[in-house]
Amino acid sequence: MTDWNQAPVILTVAPVGAEVTRDHHPGVPFTPEEIAVASLEAVAAGASVVHLHARLDDGTPSGDPELFDRTIRAIRAKADPVIMVSTGGAVWMTIEERTRALEARPDMCSLETGSMNFGDDLFLTSRPDSIASAAKARAMGIVPEIELFDVGHAVAAARMLKEGHLTGPLNVNLVLGVPGGIDAVPEAIPALLRPLPADVRWTVTAIGRHQRRMLAVAALLGAHGLRVGFEDNVFLRKGRLAASNAELVADMARLVTELGRTIANPAEARSLLGLPPSGAFK
Ligand code: KMH
Ligand code: ZN
């Protein structure tokens, strides 16, 4: 067992997501170029993983691999973060549309292992769809990060691992505070980790006002990773919008440094996440 603060923290930026709009924040990036710039600024501020969704120019979420490809190329031209595409997409997308992003050849992809209420919507991922998505990612050498919105998703991931649909050690993201999922309280963290093997590598995401507090808790509990960005939260403090995704990353980097952790650079993040060194896919 390593000490809680021995390994550097992997900071993930999720610059856009599928739900946030310019009514929430006028600076939400939409185009591949805007998303790439926001990602690169966040990397300069300390992010080593970029979790990507794609949008059309008018902000509509899209699964078009061409949009992902343009974003990834623009990022990789200037920096070398771990690139993760979403296969969660938007609640209304089919699983086919959600998994087209894999064609853009990222390092990692998000992967859902179950369904849930997502606000007032249904966010559906059947077990066969989850297994098929995991197989598609594995065939392309893309490493999944399992998104755990509730305890049943962790139980399902453990079952998929046992059955050989996933390979260990697992990388998971504990997503706290989505209405319909587990709530953003400290007790949620051990509850989500409980069904999983001890060697799991875990990141924490918390929605809206819960982000800063819960990520501080997670940092002190020894989380391998922490995620910030406009996908989850647009506020730096109560009533004060963040200037940019990068400002959220810089704020979190400062906070976790104050708490006694160091920040992983992209090469360290690749190693900690079990990814091949940079350039192996290119
Ligand atoms: N937009 C949510 C419905 C993921 O990226 O895998 C799903 C989501 C999770 O954002
Ligand atoms: Zn996402």
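No hydrogens, no waters, no symmetry mates; every other heavy atom, side chains included, goes into these values.
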Query raised in the report: For Val172, which of Val200, Leu192, Thr203 qualifies under side chain to side chain contact (heavy atoms under 4.5 Å, CB included)?
Result: Val200
Query raised in the report: To the nearest 0.5 Å, how far apart are OG1 in Thr87 and CZ in Arg98?
Result: 6.0 Å
Report task. Any salt bridge (charged side-chain N to carboxylate O under 4.0 Å, His left out) involving residues 113-134? Give me the pairs, sequence neighbours left out, ordered by first then second residue. Result -> Arg127-Glu163
Query raised in the report: Who are the side-chain hydrogen bond (donor to acceptor under 3.5 Å, both in side chains) partners of Glu112, not counting sequence neighbours?
Result: none
Query raised in the report: Is there a side-chain contact between Glu145 and Leu111 (heavy atoms, below 4.5 Å)?
Result: no
Query raised in the report: Just wondering, do Pro8 and Ile263 contact through their side chains at under 4.5 Å, heavy atoms?
Result: no
Query raised in the report: Hydrophobic clusters join Ile, Leu, Val, Met, Phe, Trp and Tyr when side-chain heavy atoms are under 4.5 Å apart, directly or via other members; which others share one with Val175?
Result: Val91, Trp92, Met93, Met116, Phe118, Phe123, Phe149, Val178, Ile207
Query raised in the report: Taking only residues two or more places apart in sequence, or in another chain, which ones meet Leu40 in a side-chain contact (heavy atoms from CB on, under 4.5 Å)?
Result: Ile75, Lys78, Ala79
Report summary line: Nearest heavy-atom contact between Leu67 and Ala54 is CB-CB, 3.9 Å
Requested in this report: Could you tell me whether the side chains of Thr60 and Asp58 share a donor-acceptor contact shorter than 3.5 Å?
Outcome: yes
Report task. If a pair satisfies salt bridge (charged side-chain N to carboxylate O under 4.0 Å, His left out) and one of its residues is in residues 25-38, list it, with sequence neighbours excluded. Result -> Arg22-Glu34, Glu33-Arg70
Query raised in the report: What residues, two or more places apart in sequence or in another chain, satisfy side-chain hydrogen bond (donor to acceptor under 3.5 Å, both in side chains) together with Arg73?
Result: Asp69
Report task. Check ring-ring contact (aromatic ring centres under 6.0 Å, His included) between His153 and all other residues, then give those that pass, not counting sequence neighbours. Result -> none
**Report entry** Summary of salt bridge (charged side-chain N to carboxylate O under 4.0 Å, His left out) pairs that have at least one residue in residues 257-269, sequence neighbours excluded
**Finding:** none
Report task. Output the rest of the hydrophobic cluster of Val37: all Ile, Leu, Val, Met, Phe, Trp and Tyr residues reachable through side-chain heavy-atom contacts under 4.5 Å, sorted by chain and number. Result -> none
Report task. For Arg194, look at atom CZ and say whether over 12 heavy atoms of other residues, nucleotides or ligands are found less than 6.0 Å away. Result -> no
Report summary line: Residue set satisfying salt bridge (charged side-chain N to carboxylate O under 4.0 Å, His left out) with Arg55, at least two apart, ordered chain then number -> none
Query raised in the report: Just wondering, do Arg212 and Leu255 contact through their side chains at under 4.5 Å, heavy atoms?
Result: yes
Requested in this report: Name all residues meeting the ring-ring contact (aromatic ring centres under 6.0 Å, His included) criterion together with Phe68; count only those two or more places apart in sequence or in a different chain, and write none if there are none.
Outcome: none
Requested in this report: For residues Thr12 and Leu226, determine if any side-chain heavy atom of one lies less than 4.5 Å from a side-chain heavy atom of the other.
Outcome: no
Requested in this report: Starting at CD1 of Ile189, measure out to CH2 of Trp202 and round the result to the nearest 0.5 Å.
Outcome: 5.0 Å
Query raised in the report: Is any side-chain heavy atom of Asp232 closer than 4.5 Å to a side-chain heavy atom of Val20?
Result: no
Report summary line: By ring-ring contact (aromatic ring centres under 6.0 Å, His included), His210 pairs with (sequence neighbours left out) none
**Report entry** Distance-only side-chain donor-acceptor flag, Thr31 / Asp57, under 3.5 Å
**Finding:** no
Query raised in the report: About how many Å separate CG of Leu170 and CZ of Arg201, when rounded to the nearest 0.5 Å?
Result: 8.5 Å
Query raised in the report: Considering only heavy atoms from C-beta outward, does the side chain of Asn265 approach that of Ser48 to under 4.5 Å?
Result: no
Requested in this report: Please tell me if the side chains of Met84 and Pro106 come closer than 4.5 Å, counting only heavy atoms from C-beta onward.
Outcome: no
Query raised in the report: Do Phe230 and His25 have side-chain heavy atoms sitting under 4.5 Å apart?
Result: yes
Query raised in the report: Counting distance only, does the side-chain N/O of Arg76 pair as donor-acceptor with the main-chain N or O of Ile83 below 3.5 Å?
Result: no
